[in-house]
Visitor: 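Before we start, here is the structure in question, set down as structure tokens.
One is the number of the first residue; the rest follow in order along the sequence.
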Amino acid sequence: MGKKNGIIMYQSKYGATAKYARWLREMTGFGCVETKKASLDEVMRHESIILCGGIYASGIAGLSFLKKNIGRLGGKKIAVFCVGASPYDEKAFREIKEHNLQGELAGIPLFYGRGAWDESRMTFIDRNLCRLLQKSVAKKDPSTYEPWMKALMCAAGQSSDWTDRKYLVPLAEYFGLCFG
């Protein structure tokens, strides 16, 4: 596969996913475009397609592009890299995969990178939804918290950036790319 014969599409709300997309572009030489600005003709010119999207309400941002066009993308090597604020958890990851990659998308590999949390950058609605969720979780016994609940409770009022290039290594290996 040619080093530049790929494209990275991304949809980022607060910047962590865009950061991963930039790192991937630097590492691979692939083109990089926001999913909402991507055209099918442009994507079709590439052998490899990486879709990077943040996880919001258990959906992967930007995945609608693949859902809409998967029938035309046969023969392409496709992978999805999703970004969330929680630490990696096998059960939660499996649920995200089952929820998002079904039907014609079921065979697409999914990779995960931890993102960031900054309530000061969130929209009013997102910030309030997070606070409502935190209040709901706070009523539970902390010993019963799932990993995402622990992360949510620890992040309250904090600003944290957990992005790390190490999360891109499994994705690079899938595409047969070597980079550090």
Visitor: Pairs of donor and acceptor atoms involving the side chains of residues 49-74, under 3.5 Å and at least two apart or interchain, shall be tabulated with distances.
Guide:
{"from": "Tyr56", "atom 1": "OH", "to": "Lys13", "atom 2": "N", "distance (Å)": "3.3"}
{"from": "Asn69", "atom 1": "ND2", "to": "Phe65", "atom 2": "O", "distance (Å)": "2.9"}

Visitor: Listing request: all salt bridge (Lys or Arg N to Asp or Glu O under 4.0 Å) pairs with a residue in residues 105-116, at least two apart in sequence or in separate chains.
Guide: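 For residues 105-116: none.
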
Visitor: By ring-ring contact (aromatic ring centres under 6.0 Å, His included), which residues pair with Phe81, not counting sequence neighbours?
Guide: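 Counting only residues at least two positions away or on another chain, Phe81 forms a ring-ring contact (aromatic ring centres under 6.0 Å, His included) with Tyr20.
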
Visitor: Does Lys37 have any salt bridge (Lys or Arg N to Asp or Glu O under 4.0 Å) partners at least two apart in sequence or in another chain, and if so, which?
Guide: Glu34

Visitor: In chain order, what residues pass the ring-ring contact (aromatic ring centres under 6.0 Å, His included) check against Phe93, with sequence neighbours excluded?
Guide: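 Residues passing ring-ring contact (aromatic ring centres under 6.0 Å, His included) with Phe93: Tyr88.
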
Visitor: What residues form a salt bridge (Lys or Arg N to Asp or Glu O under 4.0 Å) with Glu95, not counting sequence neighbours?
Guide: Lys91

Visitor: Suppose we screen for side chain to side chain donor-acceptor pair (under 3.5 Å). Which residues come up paired with Asp164, at least two apart in sequence or across chains?
Guide: none

Visitor: Taking only residues two or more places apart in sequence or in another chain, which ones pass ring-ring contact (aromatic ring centres under 6.0 Å, His included) with Trp162?
Guide: none

Visitor: I'd like to check the ring-ring contact (aromatic ring centres under 6.0 Å, His included) partners of Phe111; sequence neighbours left out, ordered by chain and number.
Guide: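 Here the qualifying residues are Tyr174.
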
Visitor: How about Thr163 and Trp23: do any of their side-chain heavy atoms sit closer than 4.5 Å?
Guide: yes

Visitor: Taking the side chain as every heavy atom from C-beta outward, state whether Lys19 and Asp161 have any atom pair closer than 4.5 Å.
Guide: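 Result yes, sub-4.5 Å side-chain heavy-atom pair found.
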
Visitor: Do Asn100 and Leu110 come within less than 4.5 Å of each other through their side chains, counting heavy atoms only?
Guide: no

Visitor: Could you list the residues that satisfy side chain to side chain contact (heavy atoms under 4.5 Å, CB included) with Thr144, not counting sequence neighbours?
Guide: Lys140, Asp141

Visitor: Sequence neighbours left out, what passes salt bridge (Lys or Arg N to Asp or Glu O under 4.0 Å) with Lys97? Give chain and number order.
Guide: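 With neighbours one apart ignored, the set is empty.
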
Visitor: Taking only residues two or more places apart in sequence, or in another chain, which ones meet Arg22 in a salt bridge (Lys or Arg N to Asp or Glu O under 4.0 Å)?
Guide: none

